[in-house]
Amino acid sequence: MAAEARFPNLHVSDHALAADKLARIRARDTSPGDFRRLMREIGSILAIDALRRLPQVDDTIETPLETTTAKRLASPPVVVPILRAGLPLCDGVLDIVHEATVGHLGIRRDEATALPIDYYMKLPPITAATVAIIVDPMLATGGSACDASRRLRSAGCREIRMICLVAAPEGVSRMLKEHPSIGIWTAALDRQLDERFFIRPGLGDAGDRSFGT
Ligand code: PRP
């Protein structure tokens with residue numbers, strides 16, 4: 001069954017460049033420098049789709065030749081990377097939406113239990129019109145994404161979307177149950193989680209591979 005039919009909250013990119021970049025990201029011998037660059041590039045590709053339907057307003061523009069009307073963003077989105085692994089992907093999102101502000105959420109997964117542990121939060125001003133974009137390459141159990149969504153809702157975010165690189169069915173399913181209004185844009189829906197809660201086939205630990213730790 002197609003991923004979108006199974007999960008109405010999920011949008012899997014069909015872009016050939018996203019698929020090629022993801023293949024290189026998955027490869028075990030990709031260096032941290034190339035890994036970060038590819039994450040940044042794929043972040044831009046995923047953002048094109050995830051931000052396609054941002055709210056717009058009409059504006060009046062002076063071209064060099066005449067006055068005309070044009071569509072502008074109603075308000076800049078708030079992009080929210082989950083530390084650490086969300087940072088390279090977030091850079092790619094910001095490359096195509098310079099007017100965005102950025103909030104940081106520090107969440108790490110306990111290695112034994114896979115439960116999320118919060119360690120940092122700093123958000124820019126949130127208004128009723130704010131669209132918040134959670135950015136994290138891995139959606140595994142969904143614990144971190146659900147935790148991030150709860151914290152953004154508590155901060156007043158009414159509309160939230162998520163960009164990730166690879167998603168496990170378990171995480172997508174949990175997001176659908178706990179936060180059904182949050183759309184998720186990903187480069188791939190992978191097969192399953194393993195007994196250590198790693199995504200398979202996956203790409204390993206995105207934070208460690210990005211930063212060489
Ligand atoms: C990874 C990943 C997500 C989380 C996904 O972060 O970047 O934030 O795990 O797992 P979940 O869906 O089961 O919550 P990690 O804890 O490895 O932190 P890091 O980014 O600092 O490496």
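For ligands, and for the atoms within them, numbers begin at 1 and follow the listed sequence.
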Atoms of ligand 1, numbered as shown, that sit under 4.0 Å from any heavy atom of Ala85: 7 (O), 20 (O)
Atoms in ligand 1 with a heavy atom of Gly143 nearer than 4.0 Å: 12 (O), 14 (O)
Ile82 N/O under 3.5 Å from ligand 1 N/O: no
Atom 3 (C) of ligand 1 [closest protein heavy-atom partner, distance rounded to 0.1 Å]: Asp136 OD2, 3.0 Å
Protein contact for atom 1 (C) of ligand 1 (heavy atom, distance under 4.0 Å): no
Contact check: Arg84 vs ligand 1, nitrogen or oxygen atoms, below 3.5 angstrom: yes
Side-chain donor-acceptor pair present, Thr141, Glu170, cut-off under 3.5 Å: no
Which of the ligand 1 atoms, numbered from 1, are nearer than 4.0 Å to a heavy atom of Gly207: 22 (O)
Full working for side-chain hydrogen bond (donor to acceptor under 3.5 Å, both in side chains) between Ser144 and Asp147: CA-CA 5 Å; Ser144 303; Asp147 183 46; over 6 Å; no
Within-shell test, Leu83 vs ligand 1, heavy atom, strictly < 4.0 Å: yes
Minimum heavy-atom distance between Ala112 and Phe197, given as atom pair plus value: O-CE1, 4.2 Å
For atom 9 (O) of ligand 1, closest protein heavy-atom neighbour: Arg109 CD, 3.8 Å
Arg108-ligand 1 polar pair, N/O distance under 3.5 Å: no
Min heavy-atom dist Gly142 to ligand 1 below 4.0 Å: yes
Residue, atom name and distance, where the atom is the protein heavy atom closest to atom 17 (O) of ligand 1: Asp205 OD2, 3.6 Å
Met138 N/O under 3.5 Å from ligand 1 N/O: no
Side-chain donor or acceptor of Asp190 paired with backbone N/O of Gly202 under 3.5 Å: yes
Flag: protein heavy atom within less than 4.0 Å of atom 14 (O) of ligand 1: yes
Polar contact flag for Ser144 and ligand 1 (N/O pairs, less than 3.5 Å): yes
